[in-house]
Undergrad: 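What follows is a single structure, and I will ask about it in a moment.
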Amino acid sequence: MPELPEVETIRRRLAPLLVGRDVTGVTVYDETVSDQSVAELRRLTTGRRVEAIQRRGKYLALDLGDVWLVIHLRMTGQLLLSRPEGARLPRMSLAFAPPRDLFFYDTRRFGRVWAVRQARLPEFFAEMGVEPLSPEFTVAALRGLLAGRRQPLKAFLLDQRRIAGVGNIYADETLFRAHLHPLRAAGTVGARSAQHLHDALVETLTLGIANAGTSVDTFVDPEGASGSFQEMLNVYQRTGQPCRVCGTPIERIVVSGRSTHFCPRCQPPRHVASRARRSSRPATSARSTVGGLRRR
DNA sequence: AGTGGCTCCTGGCGGC
DNA sequence: TGCCGCCAGGAGCCAC
């Protein structure tokens with residue numbers, strides 16, 4: 001699932017190829033890709049030049065000056081520069097001049113597209129939290145966000161209204177690196193642990209970008225290339241496998257409805273209410289561990 | 001404030 | 001081998 005590092009990888013790959021080209025066509029094969037009509041998408045985008053490719057959290061945007069064409073890939077969205085052999089129709093495609101095409105593929109069809117006038121961008125992104133790789137994301141800022149919150153750290157990290165761009169993979173990997181239990185209440189994190197959490201998040205996302213993303217599911221860059229961060233995962237989808245640091249089997253629980261992976265020894269349940277520990281659902285049955293074959 | 005449940009959607013899996 | 005049913009998961013929504 002494309003999270004901040006995957007979207008940033010796409011942004012960096014697309015920018016040199018699309019900036020400076022004009023949008024000449026929009027073809028929609030699946031009208032559920034946008035709440036806006038095809039006519040409106042066309043009217044707002046065609047004839048405009050790509051000034052830049054932007055990213056906000058997990059959103060990617062073609063900056064067309066007066067209008068941004070904003071794309072969220074959600075679970076399985078892919079932006080590809082060519083149509084893979086034997087692939088079925090994309091949900092949408094864009095044509096540019098000088099000639100170039102961009103195809104939006106999306107098996108599970110959760111992804112969405114919006115053409116947003118520049119004046120409305122602040123409103124469009126109003127609910128988005130801080131960019132974790134921006135100068136605004138300081139330890140002090142993080143402490144302010146954590147203060148008073150009772151929700152588990154895992155749920156806190158996934159909340160796009162606090163910090164933008166973190167999804168299930170990078171949340172689990174960040175908490176492992178910070179030696180913090182996913183069920184720990186956000187508000188109980190002190191200065192020292194907040195520093196660790198901050199540094200772990202920045203480090204994990206930066207490493208993700210440096211490795212061109214995590215191709216554990218369907219993620220590929222616009223040229224179809226996989227990332228390599230999946231080779232560096234410490235906990236995500238490693239249920240039952242030995243912790244790379246201490247050898248303890250990685251555990252899976254469900255936190256706020258999300259599968260959550262952690263090392264029970266490297267991430268001890270300090271400041272985790274025993275009630276919370278009990279109510280977190282353990283990994284469901286055989287599916288997760290049968291012969292160690294399944295990774296969920 | 002926080003959570004659980006539901007929705008969207010489909011491929012891939014377990015179970016039989 | 002084949003079919004059924006479950007399930008993940010980002011985000012928005014509603015109920016509690």
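Values reported hereafter were calculated over all heavy atoms of this structure, with side chains retained and with hydrogens, waters and symmetry mates removed. Note on naming: letters A, B, ... go to the chains in the order of the sequence lines (proteins, then strands), and numbering restarts at 1 for each one.
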Undergrad: Categorize Pro2(A) for me: base, sugar-phosphate, or nothing, with a 4.0 angstrom heavy-atom threshold over every strand shown.
TA: nothing
Undergrad: Would you indicate, yes or no, if dG10(C) has its OP1 or OP2 atom less than 4.0 angstrom from a side-chain nitrogen or oxygen of His72(A)?
TA: no
Undergrad: Take the protein atom CZ of Phe219(A) and the nucleotide atom P of dG9(C), then report the distance between them rounded to whole Å.
TA: 17 Å
Undergrad: Within this structure, what is the CG-to-C1' distance between Leu4(A) and dA11(C), rounded to whole angstrom?
TA: 17 Å
Undergrad: Short question: side chain of Arg91(A), backbone of Arg112(A) - any donor-acceptor pair under 3.5 Å?
TA: no
Undergrad: Will you find, in the side chains of Tyr59(A) and Gln160(A), an N or O donor that is under 3.5 Å from an N or O acceptor?
TA: no
Undergrad: So is the aromatic ring of Phe110(A) stacked onto the base of dG9(C), judging by whether the centres are under 5.5 Å apart and the planes are under 30° apart?
TA: no
Undergrad: OP1, OP2 of dG9(C) versus side-chain N and O of Ser259(A): anything below 4.0 Å?
TA: yes
Undergrad: Under 4.0 Å, heavy atoms only, any strand: does Arg150(A) hit a base, just the sugar-phosphate, or nothing?
TA: sugar-phosphate
Undergrad: Indicate whether OP1 or OP2 belonging to dG9(C) is found under 4.0 Å from a side-chain N or O atom of Tyr236(A).
TA: yes
Undergrad: Between His198(A) and Phe137(A), what is the ring plane arrangement, given parallel below 30°, perpendicular above 60°, and tilted in between?
TA: parallel
Undergrad: Should Arg258(A) be listed as having a side-chain N or O under 4.0 Å from OP1 or OP2 of dT3(B)?
TA: no
Undergrad: It should be established whether Arg88(A) places a side-chain nitrogen or oxygen under 4.0 Å from OP1 or OP2 of nucleotide dG11(B).
TA: yes
Undergrad: Rounded to whole Å, please give me the gap between CZ in Arg74(A) and P in dC8(B).
TA: 14 Å
Undergrad: Between P on dC13(C) and CZ on Arg161(A), what's the gap in Å once rounded to a whole number?
TA: 11 Å
Undergrad: For the base of dA8(C), is there a side-chain donor-acceptor partner from Arg108(A) under 3.5 Å away?
TA: yes
Undergrad: Could you state the CG-P distance from Asp172(A) to dG9(C), rounded to the nearest angstrom?
TA: 9 Å
Undergrad: Quick one: on DNA chain B, does Ala155(A) or Arg109(A) contact a more 5' nucleotide (nearest heavy atom)?
TA: Ala155(A)
Undergrad: Out of dG10(C), dG11(B), dT3(B), which has the shortest distance to the side chain of Thr107(A)?
TA: dG11(B)
Undergrad: What is the distance, rounded to the nearest whole Å, between atom NE2 of His261(A) and atom P of dG9(C)?
TA: 7 Å
Undergrad: State whether Gln160(A) places a side-chain N or O below 4.0 Å from either non-bridging phosphate oxygen (OP1 or OP2) of dA11(C).
TA: yes
Undergrad: Can you tell me if Tyr105(A) and Arg83(A) form a side-chain donor-acceptor pair at under 3.5 Å?
TA: yes
Undergrad: In terms of relative ring orientation, are Tyr170(A) and Phe229(A) parallel, tilted or perpendicular, with 30° and 60° separating the classes?
TA: parallel
Undergrad: Rounded to the Å, how far apart are Ile169(A) CD1 and dA8(C) P?
TA: 15 Å
Undergrad: Nearest whole angstrom, please: distance from the P of dC13(C) to the CG of Asp35(A).
TA: 11 Å
